[in-house]
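Atoms within a ligand are numbered from 1 in the order they appear, just like the ligands themselves.
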Amino acid sequence: MAHSDTEGDPAMSGKLVVVSNRIPTGDTPSGGLVVALHGALEQSGGLWVGAHPDTAGPGDTGLTEIDRGSYTRLAFHLSEAEYDSYYLGFANSVLWPLCHGRADLVELERSYEEGYMAVNRRVARLLADKIEPDDTVWVHDYHFLPLAGELRKLGVSARIGYFLHIPFPPLSALSTLPSPDDFADWLASYNLIGLQTRRDTARCLEMFRSDPRAEFMTDGTVKFQDRVVSVRSFPIGIEVDRFAEAAATPTDAADLGADMGEQLVIGVDRLDYSKGLPNRFRAFGEYLDRKPEDAPRASLLQVAPPTRERVAAYRAIRAELEEIAGRLNGAHSELDWTPIRYIHHAVDRDLLAVLYRRAEACLVTSLADGMNLVAKEYVAAQDPEDPGVLILSRFAGAGEDMTEALLVNPYDVSEMAEAIATALSMPLEERKRRHAACLRVVRDSDVSGWAQRFVDCLRNCVPTLAYDGLPDEVPERTRSRTPVPETS
Ligand code: ADQ
């Protein structure tokens, strides 16, 4: 990381400890988040702990070192049973649908919550003696909500920060949880809660505001029983320059898409019900139905590798999508043209960058999304002199700041069909103006700056348990019943 104004601060002398469900296993980390955290750890030295990709082993064997360079990577193994209850179960069949507005898909199984808590307790035990008081611990995502609380129980006093990559659930959705009050309690054990957007920050503060255990301080922090926590937004980004460079690098792959019609619309997603894919396909079908005879022939290239296929909702979305694509292709295909190309596997990132640049428009139609990095990758990959148009859901976190994209309601198929028509016929000057505005947002949130801002903020947080056992000693003038909204 670059020089920061907290250098020299005694709080910075410790190492950085990152915890995430996934951990890079190869020599060259790839993917925006992984690269940013890798950069942060290379700078400060430290530790990255995550689940081993091989889940077949026993679940209680301790930590395995998978790499040692300028920092150490340690992996814990999940047993089959833990993978089912902690990962597929509570994380992806309770928390994921809950945070993405799909309480109807939540599967409440007692064993899921037990497995989730047990894995968090086990990871805390494995980690506790590796953390020194002056270390900085950065925990990622919904797999580890209770981790700080479990570490505190084991006496860990270091600063611990948390970043939620997915949307913060609205207050009403929290009642779906088996023990709704736990959510605020889990989060209050962190010193800093980082969220993607101002909307998420407002929701998190609303949760604390409605909780009788919480009290708002005039500096914007929340005092929760004996703990103090800050809530801030840190919109995540991508490695802008690397992506722009890859997109502009001549490659044979540039020929790709040559047989995909005169205009190309691209969509890139993990196959997930939160990404709004069925309505995206329907909107493209409606666009084809309505487009004038003489308009250029357009194709939709959808790259969507299946994930979490052992969860029923993921199998269902795959079947639904294949049915819609088959029907639309049946209705519109010609001998030399297939309107929807649907690819089920991951695509190399450099090739992805080239395809983004080749596409006249990109469809990001999430029904709910923490940020959506595809939106930022598409903008970074464009030729500024002849850019394509981003069609972006209002419900993706990226839509909060990228207001010059064509913002759409992903529930409104006709509006999206119109947006496709608008994008594919947009004059060059308007495309350039919109792209320049979006690119500014993408550059402002470059992922290395994102990691730097979070770690700096965490290191400047109120130390852990500052008010432990001394609640009456908090000066009255710093107490407030009036919520102080905080954004960044
Ligand atoms: P995701 O839900 O995975 O991330 P997204 O932000 O779009 O969603 O990131 C997906 C990443 O995977 C992108 O970098 C994309 O290029 C890549 N990808 C997707 N499909 C691919 C394919 N077929 N081949 C190759 N690469 C592919 C979660 C949250 C998001 C949040 C991110 C980061 O759900 O809201 O933006 O974390 O915080």
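Proximity annotation for atom 24 (N) of ligand 1: of V347, V268, V364, I236, V347 comes nearest, heavy atoms only.
Residue I166 has no N or O atom closer than 3.5 Å to an N or O atom of ligand 1. The distance criterion of under 3.5 Å between nitrogen or oxygen atoms is met by G370 with respect to ligand 1. Considering backbone and side-chain atoms together, R270 places an N or O closer than 3.5 Å to an N or O of ligand 1. Considering backbone and side-chain atoms together, F163 places no N or O closer than 3.5 Å to any N or O of ligand 1. Among the atoms of Q196, some N or O lies under 3.5 angstrom from an N or O of ligand 1.
For ligand 1 and V374, the ligand atoms under 4.0 Å from any heavy atom of the residue are 7 (O), 15 (C). Annotation for ligand 1: atoms under 4.0 Å from non-hydrogen atoms of A346 are 22 (C), 23 (N), 24 (N). Heavy-atom contacts of W96 reach the following atoms of ligand 1: 34 (O) (cutoff under 4.0 Å). Counting the atoms of ligand 1 from 1 in the order shown, those under 4.0 Å from a heavy atom of D369 are 30 (C), 34 (O), 35 (O). Ligand-side atoms of ligand 1 in range of K275: 1 (P), 2 (O), 8 (O), range being under 4.0 angstrom from any heavy atom. Of all atoms in ligand 1, listed by their number and element, those nearer than 4.0 Å to a heavy atom of L352 are 16 (O), 25 (C), 26 (N).
At a threshold of 4.0 Å, the pair D412-R394 does not count as salt-bridged, since none of the basic side-chain nitrogens sits closer than that to a carboxylate oxygen. Ion pair E150/R122 not flagged as a salt bridge, since none of the NZ, NE, NH1 or NH2 atoms sits closer than 4.0 Å to an Asp/Glu carboxylate oxygen. Between D401 and R198 a salt bridge is recorded (basic side-chain N to carboxylate O distance below 4.0 Å). Using a cut-off of 4.0 Å between Lys/Arg side-chain N and Asp/Glu carboxylate O, E286 and R282 are scored as not salt-bridged. Between D446 and R242 there is no salt bridge, since none of the side-chain N atoms of the basic residue sits less than 4.0 Å from a carboxylate O of the acidic one.
For the residue pair N21/Y86, the side-chain donor-acceptor check at 3.5 Å is satisfied.
Results of the ring-ring contact (aromatic ring centres under 6.0 Å, His included) test with Y142 over Y87, W96, F90, W186 single out W96 as the only residue that passes.
The proximity of D269 to ligand 1, defined as any non-hydrogen pair under 4.0 Å, is limited to the backbone. Under 4.0 Å from ligand 1, the heavy atoms of H345 that appear belong solely to its backbone.
In this structure, V106 and V94 approach most closely via the heavy-atom pair CG2-O, 3.7 Å. Closest non-hydrogen pair, S93 versus V311, comes out as OG-CG1, 3.7 Å.
Atom CD of E245 sits in a sparse spot, with 12 or fewer heavy atoms from other residues, nucleotides or ligands closer than 6.0 Å.
Using a 4.0 angstrom heavy-atom cutoff, F243 does not count as in contact with ligand 1.
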